[in-house]
Amino acid sequence: MAKCLVVPYSYSSTGTRSRTRSSGSGSTSKPPGLQVQLQHHHLKYSLIQQNSLSVSVSAQCYYNTHTLLRRGILCALDSDVPHPLHHQVQGMFTGLLGNLSLLSYFAKKREKEAIVVQTLGVISLYAVFAQLSMAEAMPLSYFVITSVVVATGLVLNFLNYFGLLNAGIWRFWEDFITVGGLSVLPQIMWSTFVPYIPNSILPGVFAFLVALVAVIMARLGKLSAKGIKFVGAISGWTATLLFMWMPISQMWTNFLNPDNIKGLSAFSMLLAMIGNGLMIPRALFIRDFMWFTGSTWASLFYGYGNIVCLYCFNSISKEFFLAATAGLILWIGMALWRDADVYGYNSPFTSLKELVSGS
């Protein structure tokens with residue numbers, strides 16, 4: 001934080017700054033009453049001028065600090081250098097798109113609990129973007145576009161859930177998130193490793209063209225039944241892969257900037273591990289391989305993976321690490337055992353085999 005110093009100068013009635021001097025023997029004598037009164041007014045005027053200077057300098061220091069912070073954030077957004085903030089903002093955009101895509105996926109499957117989770121994810125990330133916009137750390141045009149996409153996605157998903165949306169509008173929204181998600185995924189993967197690889201938009205452009213052609217061919221009936229089904233599942237898998245990439249991007253950032261690990265909250269990572277872990281039994285029970293893959297990956301590599309990084313850098317205690325490890329192993333083991341028991345199987349591996357094969 002910037003520190004401001006106020007130099008104790010006094011000011012004359014003409015505004016000239018000078019140090020306070022004591023009266024010498026050669027000074028003109030004044031009546032005692034008049035001299036005290038003049039000193040009193042002079043002191044009041046000096047204090048007013050000093051306070052004005054203090055407020056002015058403090059305001060300038062605040063403005064400079066705010067400007068430097070805002071420029072730092074904007075530079076992190078625009079820079080190709082792997083700045084930690086750059087990856088965090090990039091990760092928030094990735095998470096927002098992933099939440100919207102999975103919200104559409106679960107709304108179509110009528111999974112109430114998963115819908116609530118994804119909706120909360122969208123709202124919480126949007127709140128962060130709103131704070132960045134109010135701090136002038138995010139361009140207003142970007143925030144407006146983000147707001148339109150978020151509002152449209154939430155309204156369309158809930159109208160579709162309650163059966164109030166036209167089928168054609170819903171198909172257009174599905175095509176939009178399919179093309180958008182498939183375009184963003186390879187671009188995010190590529191930009192994670194810049195500047196160690198050349199900065200380029202070719203991965204995103206190529207993926208956009210492929211996704212656009214695939215969607216058009218599917219809507220025109222130029223694909224087989226399996227091809228149409230595959231295109232319909234792209235948005236869900238794209239969202240899952242976006243979430244799966246988030247821990248990789250975070251670990252890469254930790255590798256490049258070891259001090260960045262100190263900014264991670266151990267309890268936040270623990271909540272991420274628990275929250276994703278709670279989805280594993282339901283995904284396994286309904287044999288949703290995509291949901292199971294995303295939840296397991298996020299619990300292991302995003303939540304628990306960052307806990308391992310925190311432990312390696314001595315940011316958490318050994319007891320915290322061991323408790324998290326034991327809890328995760330016991331929870332996954334119990335989920336597999338209970339699923340096999342419900343279906344009447346002798347081995348939990350039978351459940352996993354059915355999950356992967358889709359039988």
Side-chain angles (χ1 to χ4, degrees), residues 95 98-99 101-121 157 160-161 174 177-178 181 185 224-248 251 269-308 311 319-359:
N99 282 129
S101 299
L102 286 180
L103 177 60
S104 300
Y105 176 81
F106 290 123
K108 191 174 182 179
K109 299 190 69 171
R110 299 295 192 273
E111 288 287 344
K112 295 181 181 180
E113 294 80 5
I115 290 174
V116 173
V117 171
Q118 301 306 324
T119 302
L120 292 176
N157 275 287
N160 180 68
Y161 179 80
E174 285 188 315
I177 59 176
T178 297
L185 178 62
S224 63
K226 289 185 178 180
I228 295 175
K229 183 179 179 180
F230 174 78
V231 172
I234 287 178
S235 61
W237 273 108
T238 300
T240 301
L241 292 173
L242 284 171
F243 278 115
M244 292 173 67
W245 189 255
M246 287 176 65
I248 297 177
M251 291 180 182
M269 295 301 102
L270 180 63
L271 290 175
M273 184 188 77
I274 295 174
N276 287 284
L278 290 175
M279 298 292 182
I280 294 176
R282 175 63 180 172
L284 179 62
F285 179 74
I286 65 174
R287 299 299 189 260
D288 192 322
F289 182 57
M290 185 194 72
W291 190 5
F292 179 85
T293 302
S295 299
T296 304
W297 182 279
S299 184
L300 288 174
F301 293 96
Y302 183 63
Y304 183 71
N306 280 299
I307 290 177
V308 172
Y311 178 69
E319 291 75 13
F320 185 97
F321 172 71
L322 292 178
T325 303
L328 181 62
I329 294 175
L330 290 174
W331 177 253
I332 294 178
M334 185 180 69
L336 293 173
W337 173 72
R338 287 295 299 160
D339 186 83
D341 184 63
V342 169
Y343 280 96
Y345 300 142
N346 295 324
S347 172
F349 293 103
T350 306
S351 297
L352 293 175
K353 182 180 178 181
E354 288 185 353
L355 176 69
V356 175
S357 63
S359 59

Exercise for the section: Give a yes-or-no answer on whether the side chains of Asn157 and Ser104 include a donor-acceptor pair shorter than 3.5 Å. Expected result: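 Side-chain D/A pair, Asn157 to Ser104: present.
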Donor-acceptor pairs under 3.5 angstrom involving side-chain atoms of residues 336-343: please list them, not counting sequence neighbours.
residue	atom	partner	partner atom	Å
Arg338	NH1	Asp341	OD2	3.2
Asp339	OD1	Arg287	NH1	3.3
Asp339	OD2	Arg287	NH1	3.1
Asp339	OD2	Arg287	NH2	3.3
Asp339	OD2	Ser351	OG	2.7
Tyr343	OH	Phe285	O	2.6

Practice task
Quick one: closest heavy-atom pair of Ser357 and Lys353, and the distance?
Solution key: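 Ser357 and Lys353 have their closest heavy atoms at OG-O, 2.8 Å.
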Separation of [Y] [atom2] from [X] [atom1] (nearest 0.5 Å):
X: Ile307; Y: Leu270; atom1: CD1; atom2: CG; answer: 5.0 Å
X: Leu102; Y: Ile177; atom1: CG; atom2: CD1; answer: 9.0 Å
X: Ile115; Y: Tyr161; atom1: CD1; atom2: OH; answer: 5.0 Å
X: Ser224; Y: Lys229; atom1: OG; atom2: NZ; answer: 11.5 Å

Handout entry: Heavy atoms from other residues, nucleotides or ligands near CZ of Phe349 exceed 12 (cutoff 6.0 Å)
Key =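 No.
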Exercise for the section: Can you sort out the partners of Phe292 under ring pair (Phe, Tyr, Trp, His ring centres under 6.0 Å), two or more places apart, ordered by chain and number? Expected result: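 Phe292 satisfies ring pair (Phe, Tyr, Trp, His ring centres under 6.0 Å) with no other residue.
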Problem - Residue list, ring pair (Phe, Tyr, Trp, His ring centres under 6.0 Å) with Phe301, at least two apart or on another chain - result: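 For Phe301, the residues satisfying ring pair (Phe, Tyr, Trp, His ring centres under 6.0 Å) (neighbours in sequence not counted) are Trp297.
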Counterpart residues, side-chain hydrogen bond (donor to acceptor under 3.5 Å, both in side chains), relative to [X] (two or more places apart):
X: Lys108; result: Glu174
X: Glu111; result: Arg282
X: Asp288; result: Tyr105, Lys109

Identify every side-chain donor-acceptor pair in residues 320-334 under 3.5 Å, counting partners at least two apart or on other chains, and give the distances.
residue	atom	partner	partner atom	Å
Thr325	OG1	Tyr304	OH	2.7
Thr325	OG1	Phe321	O	2.8
Trp331	NE1	Gly277	O	2.7

Exercise for the section: Please tell me if the side chains of Trp291 and Ile280 come closer than 4.5 Å, counting only heavy atoms from C-beta onward. Expected result: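 A side-chain contact is absent here, since even the closest heavy-atom pair is not under 4.5 Å.
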Practice task
Flag the pair Glu354 / Tyr345 as yes when at least one side-chain heavy-atom distance between them is below 4.5 Å, and no otherwise.
Solution key: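 Answer yes - side chains close enough.
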Practice task
Dump the intermediate steps for side-chain contact (heavy atoms from CB on, under 4.5 Å) on Leu300 and Met273, then the final yes or no.
Solution key: CA-CA 7 Å; Leu300 288 174; Met273 184 188 77; over 6 Å; no
Identify each donor-acceptor pair in which a side-chain atom of residues 232-244 lies under 3.5 Å from a protein atom, sequence neighbours left out, and give them as a table.
residue	atom	partner	partner atom	Å
Thr238	OG1	Ile234	O	2.7
Thr240	OG1	Gly236	O	3.0

Handout entry: Stepwise side-chain contact (heavy atoms from CB on, under 4.5 Å) test for Met269 and Tyr302
Key = CA-CA 7 Å; Met269 295 301 102; Tyr302 183 63; 4.0 Å; yes
